[in-house]
Amino acid sequence: MTTVRDVRKNDGEQPITMLTAYDAPTAGIVDEAGVDVVLVGDSVGNASLGYETTLPVTVDDLARHVGAVSRATEEALVVADMPFLSYGVDEGESVENAGRMLKEEGAQAVKLETGPHTVSLTETMTQLGIPVMAHLGLTPQHVNQYGGYPRQGTDPDAAERIRELALAHEEAGAFSLVLEHVPSNLAAEVTDTLEIPTIGIGAGPDCDGQVLVVDDVIGLSEWSPSFAKRFGDVRGEMESAVEEYVAAVESGEFPGAEHSHEEGDLEDIY
Ligand code: KIV
């Protein structure tokens with residue numbers, strides 16, 4: 001079983017693999033494939049709940065998905081991604097919400113989209129026994145502030161702010177850091193600066209690990225960001241299976257004799 005300690009001590013020799021999952025069957029496949037960390041991302045909002053952004057995802061939504069993923073995961077570390085405004089407003093509430101993911105839903109750690117406002121919260125959570133994965137660069141919960149999902153850390157001041165915040169979260173006790181949509185040379189510099197591992201998404205090859213949204217990897221998403229890669233065509237497979245089913249029902253080919261049964265005792269009445 002992968003632990004927070006295993007992830008923390010990764011020295012970059014063997015890259016950390018991390019993927020999102022939101023339901024039990026997907027988590028089972030991801031876990032069996034040997035992925036180190038399963039992230040129950042708030043991207044569940046876009047991927048599974050039909051929202052345009054991650055903002056409407058609630059603690060109850062996330063908790064339901066974390067429970068499903070935890071029940072199906074035997075080896076990987078399960079990380080719960082804390083939803084927009086479920087942390088960072090009131091410290092007590094933040095701790096309760098995050099603690100619920102460990103206490104009731106079987107996660108081993110939480111991820112916070114981090115900024116200056118999460119340094120002391122990371123310290124408190126870590127001290128209380130809630131391991132924190134930090135997340136810097138593009139933090140999608142700031143979509144309204146950004147006006148979209150632009151690259152981050154693209155000028156020297158912004159890059160330095162990310163490097164400093166990364167260090168501050170490491171010092172506060174974070175066990176790893178997701179770096180999203182930042183220049184690969186900045187990601188390489190942050191990776192060199194930190195002792196904890198970095199896990200990149202759109203952050204180039206020099207991070208200690210990589211993460212993607214599972215729907216992008218398997219080819220289920222209708223749209224994927226430029227930094228994602230499709231490794232399969234599950235959408236195509238689903239479309240053709242459903243079309244074949246519709247055609248088979250409409251033509252009377254399904255259900256066949258092998259999908260039905262007759263009951264001898266009913267012969268006299270029907
Ligand atoms: O919610 C999510 O899926 C994430 C990853 C893309 C890092 O935060």
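In what follows, every heavy atom counts, from backbone to side chain, and hydrogens, waters and symmetry copies are set aside. Note that ligands are numbered from 1 as they come in the structure, with each ligand's atoms numbered from 1 the same way.
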Fill in: Partner set under salt bridge (charged side-chain N to carboxylate O under 4.0 Å, His left out) for Glu75, not counting sequence neighbours
none

Response to the item:
So for Leu212 against ligand 1, with non-hydrogen atoms under 4.0 Å, the contacting part is neither

Discussion item. Return the closest protein heavy atom for atom 8 (O) of ligand 1 as residue, atom name and distance.
Written reply: Lys111 NZ, 3.0 Å

Worksheet item: What about Asp42: any of its N or O atoms under 3.5 Å from an N or O on ligand 1?
Response: yes

Item to complete: Mind checking whether Glu113 contacts ligand 1 via backbone (N, CA, C, O), side chain (CB onward), both or neither, at a 4.0 Å heavy-atom cut-off?
Response: neither

Discussion item. Please determine whether the number of non-hydrogen atoms from other residues, nucleotides or ligands lying under 6.0 Å from atom OH of Tyr245 exceeds 12.
Written reply: no

Worksheet item: Can you list the ligand 1 atoms lying under 4.0 Å from a non-hydrogen atom of Gly41?
Response: 1 (O), 2 (C), 3 (O)

Worksheet item: Could you walk me through whether Asp6 and Thr3 pass the side chain to side chain donor-acceptor pair (under 3.5 Å) check?
Response: CA-CA 5 Å; Asp6 297 328; Thr3 64; 3.1 Å; yes

Item to complete: Return yes or no for this condition: an N or O of Asp81 is under 3.5 Å from an N or O of ligand 1.
Response: yes

Worksheet item: Between Val69 and Ala21, which heavy-atom pair has the shortest distance, and what is it?
Response: CG2-O, 3.5 Å

Discussion item. Pairs of nitrogen or oxygen atoms closer than 3.5 Å, one from Thr20 and one from ligand 1: do any exist?
Written reply: no

Practice prompt. Could you note down all residue pairs passing ring pair (Phe, Tyr, Trp, His ring centres under 6.0 Å) where residues 177-200 supplies at least one of them, sequence neighbours left out?
Written response: His181-Phe227

Discussion item. Is it the case that ligand 1 has an N or O less than 3.5 angstrom from some N or O of Ser43?
Written reply: yes

Worksheet item: Nearest to atom 6 (C) of ligand 1, what protein heavy atom do you find, and at what distance?
Response: Ile201 CD1, 3.5 Å

Practice prompt. Report yes or no: do Asp61 and Thr58 form a side-chain donor-acceptor pair below 3.5 Å?
Written response: yes

Worksheet entry | His135 neighbourhood, listing ligand 1 atoms whose heavy-atom distance to it stays under 4.0 Å | 8 (O)

Fill in: Shortest non-hydrogen separation from Asp36 to Ile16 and the atoms involved
OD2-CA, 3.5 Å

Worksheet item: When you look for heavy atoms under 4.0 Å from ligand 1, do you find them on the side chain of Leu39, its backbone, both, or neither?
Response: side chain

Worksheet entry | His117 and Tyr87 aromatic ring geometry - parallel, tilted or perpendicular at 30°/60° bounds | parallel

